[in-house]
2 protein chains.
Amino acid sequence: MGRPAKFTHSQLQAAALALVDREGLAGLSMRALAGELGTGAMTLYNYVSQREDIDLLVVEAVIGEARWPLAGYAQWQDEVRAIATALWQAVRAHPHAIPLILTRRSRSPAVFEVTEALLRALARSGRSGPALLVAFRAVSGLITGLAQSELAGPLALQAEESAELTIARFRALPAERFAHLIDIANAAAGSTADGEFRASLDLLLAGLSADRGGER
Amino acid sequence: MGRPAKFTHSQLQAAALALVDREGLAGLSMRALAGELGTGAMTLYNYVSQREDIDLLVVEAVIGEARWPLAGYAQWQDEVRAIATALWQAVRAHPHAIPLILTRRSRSPAVFEVTEALLRALARSGRSGPALLVAFRAVSGLITGLAQSELAGPLALQAEESAELTIARFRALPAERFAHLIDIANAAAGSTADGEFRASLDLLLAGLSADRGGER
DNA sequence: ACCTGAACACCGTTCAAGT
DNA sequence: ACCTGAACACCGTTCAAGT
């Protein structure tokens with residue numbers, strides 16, 4: 001409850017995110033962050049109670065970067081698309097932070113704000129209660145799930161290898177046993193993450209538009 | 001290339017998964033896994049080249065548990081649902097392992113097999129190439145995304161608190177500013193993860209059924 | 001060929017002490 | 001009230017040596 005003076009919350013946040021962007025997740029230690037701030041490791045414990053709080057600072061910083069036009073959407077689908085895309089782009093701008101965004105519970109204001117905004121847009125489809133919950137689960141699941149599939153799915157690029165090499169690896173699989181895997185690996189060679197995101201989101205929006213969430 | 005004799009690959013896998021299930025992710029260290037196997041830490045380096053390979057053993061073990069009827073699906077939607085649900089249940093049976101499944105690239109045979117099976121089912125919708133890739137991204141994204149949202153989304157339960165307490169926390173938010181968040185928190189109180197999964201998947205399947213992936 | 005203990009360079013965190 | 005170094009109990013991994 002006492003409020004320390006040497007650093008602000010957003011100074012810690014910015015330093016932690018800068019460290020992750022620069023050095024990767026493995027570089028984010030209490031000692032390294034303290035060094036980034038020009039102090040000793042133990043000083044950080046005046047601001048956070050445990051190491052995991054540092055991860056939450058990073059998540060908050062990334063999600064907090066999402067920006068989208070607040071009004072002027074003729075259709076709720078356009079508004080959902082705008083918010084989802086803003087989140088997607090904020091996450092993709094900090095690839096090293098993705099594992100944290102996937103695994104850390106954040107209850108920061110920035111996360112609440114964007115969640116409520118997405119819900120508001122989805123509610124324009126006529127949904128509330130359980131149907132709104134499901135729509136939200138599906139859309140937010142798709143956003144993080146697509147970030148995940150790029151990071152760690154079977155088609156994810158190896159950290160140190162080119163896209164060509166990853167695809168070549170698939171082409172080397174037994175052709176008839178993994179015919180479809182080889183097919184989509186080839187397709188992936190000619191597609192972009194943004195394009196795949198947009199198309200996947202459109203599939204889900206088609207489903208959300210077809211079933212307007214009638215009462216149940 | 002030499003093949004060590006003291007332990008088999010699946011012995012390591014089983015021991016690692018048992019350790020994670022029992023002690024949580026923090027309990028999975030080289031030393032602890034070696035202890036589980038009754039040997040010294042350095043012995044493990046005869047089987048894996050680095051610590052992260054242990055994580056991959058766990059991912060492989062979990063995904064490898066997915067089981068579903070291999071044939072007899074009148075509709076491709078039913079087959080997609082069966083495979084997706086099998087994956088979902090395998091993941092949910094090992095909640096401590098979820099962060100690894102979200103963040104670790106696995107290229108094990110078990111992962112390839114289930115991926116190809118899912119693709120085969122999706123291909124029955126008439127899709128191939130880019131459209132099949134997008135359908136796959138959407139479905140697998142949704143599966144892992146929903147596991148993620150339970151683990152770390154804004155509505156995720158705190159490790160040490162009851163569902164009631166989590167929901168009470170949302171009810172305490174400013175009512176008009178977070179009206180929809182409070183609405184779905186209330187809805188979450190009366191729903192199950194399985195139900196939400198099924199309903200979200202159905203939304204996406206509706207989208208996949210509406211747009212049969214015409215050529216492009 | 002396979003196994004393994006000692007040692008090194010890290011971690012997060014407790015504790016006690018500074019101002 | 002806020003700050004911080006020393007020390008502790010861990011890590012993953014290198015190295016050198018065992019059989």
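The model shown is predicted, which means the values in this text are computed figures rather than measured ones. Throughout, a chain's letter reflects where its sequence line sits, starting with A, and its residues are numbered from 1.
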Can you tell me if the side-chain N/O atoms of A/Tyr47 get under 4.0 Å from OP1 or OP2 in D/dC3? yes
Whole-Å distance, A/Met42 CE to C/dT19 P, equals 18 Å
ask   = Are B/Tyr45 and C/dT4 close enough that a side-chain N or O sits under 4.0 Å from OP1 or OP2?
value = no
>> Below the 4.0 Å mark, does D/dC3 have OP1 or OP2 next to a side-chain nitrogen or oxygen of A/Thr39?
In response: no
Separation of C/dG5 atom P from B/Met30 atom CE, nearest Å, is 14 Å
A/Lys6 NZ to D/dC3 C1', in whole Å, measures 7 Å
Does the side chain of B/Arg137 reach to within under 4.5 Å of the side chain of B/Leu133, using non-hydrogen atoms?
-> yes
Is the shortest heavy-atom distance from the side chain of B/Asp55 to the side chain of B/Leu28 under 4.5 Å?
yes
Using Watson-Crick geometry (N1-N3 plus N6-O4 or O6-N4) or G-U wobble (N1-O2, O6-N3), each under 3.5 Å, D/dC8 is paired with C/dG12
A/Arg51 CZ to C/dC11 P, in whole Å, measures 10 Å
To the nearest angstrom, the CG-P distance between B/Leu33 and D/dC11 comes to 12 Å
request  = Could you tell me how the ring of B/Trp88 sits relative to the ring of B/Phe197: parallel (under 30°), tilted (30 to 60°) or perpendicular (over 60°)?
outcome  = parallel
Separation of C/dC3 atom P from B/Leu44 atom CG, nearest Å, is 11 Å
Taking every heavy atom of B/Pro130 against every heavy atom of A/Ala187, the minimum-distance pair comes out as N-CB, 3.6 Å
Atom CG of B/Leu37 and atom P of C/dC3 are separated, to the nearest Å, by 12 Å
If pairing means Watson-Crick or G-U wobble with both distances under 3.5 Å, then the partner of C/dC3 is none
Whole-Å distance, B/Arg31 CZ to C/dG5 P, equals 12 Å
Query - Validation row: B/His9, B/Glu60 side chains within 4.5 angstrom (heavy atoms) - result: yes
**Prompt:** C/dC3 phosphate, OP1 or OP2: any side-chain N/O from B/Asn46 under 4.0 angstrom?
**Reply:** yes
The residue, A/Ser29 or B/Ala41, whose nearest nucleotide of DNA chain C is more 5′ is B/Ala41
